[in-house]
Amino acid sequence: MKTSWQWLKSLFSRPQTYLRYRAYPLFAELGSYDLYLLDDRMHERKFKIGETIFESGYPVEVVYFIRSGEVAQSGVYSSNQERIVSHPQQLGLLDMFHCEYRSSTAIAKTEVLIDAISRAELLDYMKARPHCGVKILEAVCKDFADMIFAIAKES
Amino acid sequence: MKWAKVLFFILMAFIVVAAFIFYSKVFVYLIGAVIFSYVLDPAVTWLEHRRIPRWLSVLFVYLTVAGLIAWFTSRMIPDIVAQANNLIAILSQEGGINKDILLEVPFLHGIHEYTLNLDARIPGLNISNEFTNILDNATGFMAKLPKVLLDNYSIIIGAVSFIGMIPLISFFLLKDKHKLRKGALKLSSNRYFEMAIIILGKIDSTVGTYLRAMIFEVVAVSIMASIALSIVGVSNPILIGITAGLTNIIPYFGPFVAGGLAVLTVLFEGGPLIAIVYAAIAMWAVQVVDNNIVYPLVVGTTINMHPLLVLLTVLAGGWYGGILWMLISVPLAFLTYTLVGVLYTNLKEYKII
């Protein structure tokens with residue numbers, strides 16, 4: 001009886017895969033329904049070793065969140081140093097805030113699985129759900145602060 | 001390996017062409033469903049953001065729209081039919097309009113008297129004959145006008161009635177909007193993913209905004225014109241108001257059609273000259289409110305098309321498919337122009353062309 005009930009329940013419940021977005025600092029504070037709505041706007045992409053994710057000089061539209069694998073990012077803040085980005089970090093957030101074209105190039109160092117969201121869709125989402133927007137912007141500020149401290153440490 | 005790739009693409013092209021031919025008959029339904037879902041999408045999304053599952057949101061919105069249509073049909077259709085019959089009766093009194101009936105209209109009678117006066121004063125001018133000839137030609141056109149109006153309204157209503165199928169297709173488009181979008185973007189390679197997302201986003205926002213704005217404007221102008229014409233005492237205000245709303249889709253020229261219809265109604269009812277001025281002022285006031293408040297608020301900008309291009313597009317639409325195509329040709333041309341612009345800009349930015 002219990003097994004039949006669980007089987008019947010499983011027909012109506014979807015796997016809550018969207019909860020994995022909580023691993024990304026930007027979405028860590030969002031509720032499960034917020035993440036469910038966010039999932040509608042996320043696109044899963046797979047990159048092979050050596051494949052270019054984005055290139056400097058091209059238009060900025062997508063923010064990439066690394067689910068697995070490693071990405072080599074070069075040219076951030078005009079530095080020659082290569083930065084290795086991995087789960088749960090993101091790519092392209094800074095560009096989204098201050099310019100229309102990519103300031104760096106990102107190449108997959110290993111096989112990479114990525115969750116991607118477009119700038120327009122993220123802004124729409126934040127506009128439609130202001131409470132989520134505030135939480136995301138707080139996380140963005142924290143991310144930028146960490147980045148500034150890291151650069152200050154390097155120099 | 002290369003040959004296998006070429007063969008695969010040829011096979012794919014063949015399947016796409018075959019599918020296009022097979023589904024070509026339902027293509028119009030699909031376009032109708034896309035327009036319908038674009039109009040309803042903001043309401044569905046609004047409800048979804050209030051924790052109502054998307055499929056249930058679609059149902060709620062459908063029920064609301066069905067309720068509104070039922071209310072409109074029960075309250076307005078009898079009035080519109082009565083007004084249409086009244087307008088036809090005015091335009092085809094006693095077995096058809098002739099120049100003698102027209103000359104009884106006070107305004108035209110005054111002009112005729114004036115031309116006779118001129119003829120009497122200037123020998124050989126004969127301008128009154130020219131005037132009656134013009135009236136003769138006009139009566140020929142006007143005698144056909146009720147039939148033309150009826151025929152085309154039935155085409156429009158016929159076009160609207162094929163929508164039995166549209167809400168069904170639209171239901172799936174609305175419910176699975178995000179899945180369809182994700183599926184479409186999945187087809188793009190990693191190299192063109194970002195470009196595809198930009199193009200799809202811009203097309204989505206441009207088409208969505210424009211279609212919603214256009215439908216909102218049709219409703220707003222119809223209501224405003226009906227109220228304005230009722231205030232100044234023109235008969236058949238709802239019918240003329242709806243015509244004003246529909247013809248307003250055609251920029252520059254559309255407003256004159258409904259304005260002309262309002263003036264003609266007053267003229268044939270033998271109303272005083274001042275009533276014609278009131279009707280014209282009422283239609284002008286509606287246009288002022290529409291151009292300066294409604295349209296800028298809803299869309300933010302007007303259709304940036306040269307009047308000559310609008311005129312040519314409307315004429316071409318009319319030749320291609322009558323009044324219905326005259327109405328949709330300008331929005332269609334504007335959307336095509338915008339989409340080509342979006343494609344060109346992005347293909348250029350991504351150094352593809």
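Proteins come first, then strands; the chains are lettered A, B, ... in the order of their sequence lines, and each starts at number 1.
Between atom CD of residue B:E349 and atom OH of residue A:Y101 there is a gap of 3.5 Å, rounded to the nearest 0.5 Å. The CD1 atom of B:I197 sits 7.0 Å away from the CD atom of A:E61 when rounded to the nearest 0.5 Å. Atom OH of A:Y125 sits about 8.0 Å away from atom NE2 of B:H49, to the nearest 0.5 Å.
When the shell of 6.0 Å around OH of B:Y62 is examined, it contains more than 12 heavy atoms from other residues, nucleotides or ligands. With a 6.0 Å radius and a threshold of 12 heavy atoms from other residues, nucleotides or ligands, A:R20 has its CZ atom above the threshold.
For residues 127-146 of chain A, the interface with chain B (any heavy-atom pair closer than 4.5 Å) comprises A:A128, A:R129, sorted by residue number. Using non-hydrogen atoms only and a strict 4.5 Å limit, the part of residues 42-56 of chain A facing chain B consists of A:M42, A:H43, A:R45, A:K46, A:F47, A:E51, A:F54.
Chosen from B:K177, B:K182, B:K186, the residue pairing most often with chain A at heavy-atom distances under 4.5 Å is B:K182. For the set A:P59, A:S118, A:A120, the count of heavy-atom pairs under 4.5 angstrom toward chain B peaks at A:P59.
Side-chain contact of A:Y33 with B:E48: a donor-acceptor pair under 3.5 Å is absent, judged by distance alone.
Looking at B:S188, the atoms closer than 4.5 Å to chain A (heavy atoms on both sides) sit in the backbone and in the side chain alike.
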